[in-house]
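I have placed the structure first, in the form of structure tokens, so that the comments after it can refer back to it.
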Amino acid sequence: MAEDSKTESEFDPLPRPPGRASSKLWPILGFTMLGCAILMLAGFVWSLKDAWFPSHGMAVPEPSASARPPQGDWAAKQELKAIALGDSLTRGMGDRTGDGYVRDSIVKLNESLGKKVRLLGNLAINGLTATRLNQQLEQPSYASSVMQADLILFTIGGNDLFRIAQSGGSIAQGGDVSPERLKAKLPEAKPRLEATFSKLRRINPYARIVYVGLFNPFYDVPEARGISETIAEWNAYAQKLAALDGNATVIPTYDLFESNAARYLSSDHFHPNEMGYGRIAERIDQALN
Amino acid sequence: MANLLSLVQNETLKVWKKKRFAVIVLVLLVLIPIFVYAQLKISQNNAAKFADWRSVVQQRITDNMNAIASDRIPEEWKKWRRSLVQQLQYYLDRDVNPDTPNAVTFTATFLENSVTMFIPLMVLAIASDLVSSERASGTIKMLLTRPVRRWKILTSKLIALTLYVSLIIPTAALLSYLIAGLAFGYEGWGAPVFVGFRVNGTAIETSSVHAITQGAYLLMEMGLVWFSAMTVAAISFMVSVLLQSAAASLVTMMAAVISGAILANMASSWSSAKYLFNVNLNLTSYLQGTPPPIEGMSLGFSLVVLAVWGAVSLTTAFAVFTKRDVLN
């Protein structure tokens, strides 16, 4: 009763809900809310200050020493690490399952080698040229991924020769690619491939490098059959680079797509389909065993 | 002054008694564990696939570059991806992991993702019927027959609303931190974050990029979320004064907030949409350095747009509330 009269005597504009709890609640709630409001305002002002008058900020730790490349002896290892680089062939374009030769061959190697083969990543980019790949290999972060691998799978050069970099393989018309123009591209493309091989080897002295060779997707088009000659020259050059390297392999693929183009090529008539990639994966598996 | 304080006390307790804040806490308690579980699955998946976070980031860069190389991706998405690639590269080059899963980064990501929809929705739970419910239940007459000026009554409601908005954001952050900590651990306050990426056409300017701690980043982010939540609160406050029914004002505001999220995704070619408040709510994106939805938007621009919308709304609310006749 005494409490009631006390609240009545104060000026109270509204019928306050009765009860003891609310009289205790208000100081707690009020101060908590006020504290939160001040905190929010401080955060807001700070964010504006930082956006418009940035300070130097905290020191960023120096890049740590890069991971050491693995040693070469596969037999001594429990687990092999693989990395895939290159263009749309490595990306698996045309494969409706999305696996490409990379994942197929990893699965096969897992069985045939009798140890775990792990894919560190597929860093292939559709439409990549050798020039761009060489630029990427200069980046420390890209190189650090390559450095950790025991096995490097890569394809490159298709875009340098066919010049379809931007259209992602939409040249269903073989007439667009003339054998003469392709042949003319060869001298400028060769040094780029050599640079790629030597860069890879410099980054990772121990890994087994597997280069998947080029093929002529237009073999069934009579006017474009001449492309095969240039492709063969390119593959022979890659073979030479691999032999010079000593721990690299070139996987031949050109024969697969000569008589069986319809079976192994995808609908864009340029990239292999899932069966074509499956056959490439088989060959990689054979080459590494 | 004492008079106004007791009015604020009264309004605050009225909202509290309506259990609105309890509902908000309950919603957070249900939703946050779901998000934490999803995040946990993602990091477990990454840990199983990649030995090293650098590989994860490199793979993300590659995936985004593939999308950029594709013809089927719209140009504005490419712009967004390009800036993401450059940012990730910046992190990689400095050997800093941009998405270490811990309670602090989880909380920051949670706030970033909730600034346009979730936080406004929670603000609406309190703001949308602040005035209209009094009208619907008839208690407005009891309020107005007291010897208190009308503007004071409305001011007390506005202050109570501000206090609640200020309470909601730290509560959401705190709950998210506590729950995420169970799964990811409570460390990570001192880890570096890079801020100051400026989107400049297709390139990202890194000249003013500097590192701050996760803790500082989280506080700044909360401040920015608070500002956009306050704008939503102010507009919702006006709607609540203008409309008689609580349901009508809630639906109106929800429609406005949701349409903003949709517009931000598709309005890049309609450039005058940038003057709408709901397209500007995502203030934290400026801190992250992601490109704004519409060309020409910047932190300063968005703040001014939001402030103008807020000020106009409050002016209208006060003008209407002090003049209008209250019938039946």
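Naming: A, B, ... by sequence-line order, numbering from 1 per chain. Computed from a predicted model, the values in this text were never measured in an experiment.
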Side chain from CB out, backbone as N, CA, C, O: work out which of these in [X] comes under 4.5 Å of a heavy atom of chain B, or both, or neither.
X: A/I125; answer: both
X: A/I83; answer: neither
X: A/A42; answer: neither

[X] to [Y] - nearest heavy-atom pair and separation:
X: A/W46; Y: B/A216; result: CH2-CB, 3.3 Å
X: A/L34; Y: B/L163; result: N-CD2, 4.2 Å
X: B/T62; Y: A/A124; result: CG2-O, 3.3 Å
X: B/S166; Y: A/M40; result: O-CG, 4.0 Å
X: A/A51; Y: B/L299; result: CB-CD2, 3.6 Å

Spacing of [X] atom [atom1] and [Y] atom [atom2] [to the nearest 0.5 Å]:
X: A/Q136; Y: B/M65; atom1: CD; atom2: CE; value: 4.5 Å
X: B/K17; Y: A/L25; atom1: NZ; atom2: CG; value: 6.5 Å
X: B/M220; Y: A/L48; atom1: CE; atom2: CG; value: 10.0 Å
X: B/I61; Y: A/S145; atom1: CD1; atom2: OG; value: 8.5 Å
X: A/R91; Y: B/N66; atom1: CZ; atom2: CG; value: 4.0 Å
X: A/L29; Y: B/L167; atom1: CG; atom2: CG; value: 6.5 Å

Between [X] and chain A, which part of the residue has a heavy atom less than 4.5 Å away: side chain, backbone, both or neither?
X: B/I169; answer: side chain
X: B/Y286; answer: neither
X: B/Q89; answer: side chain
X: B/T213; answer: both

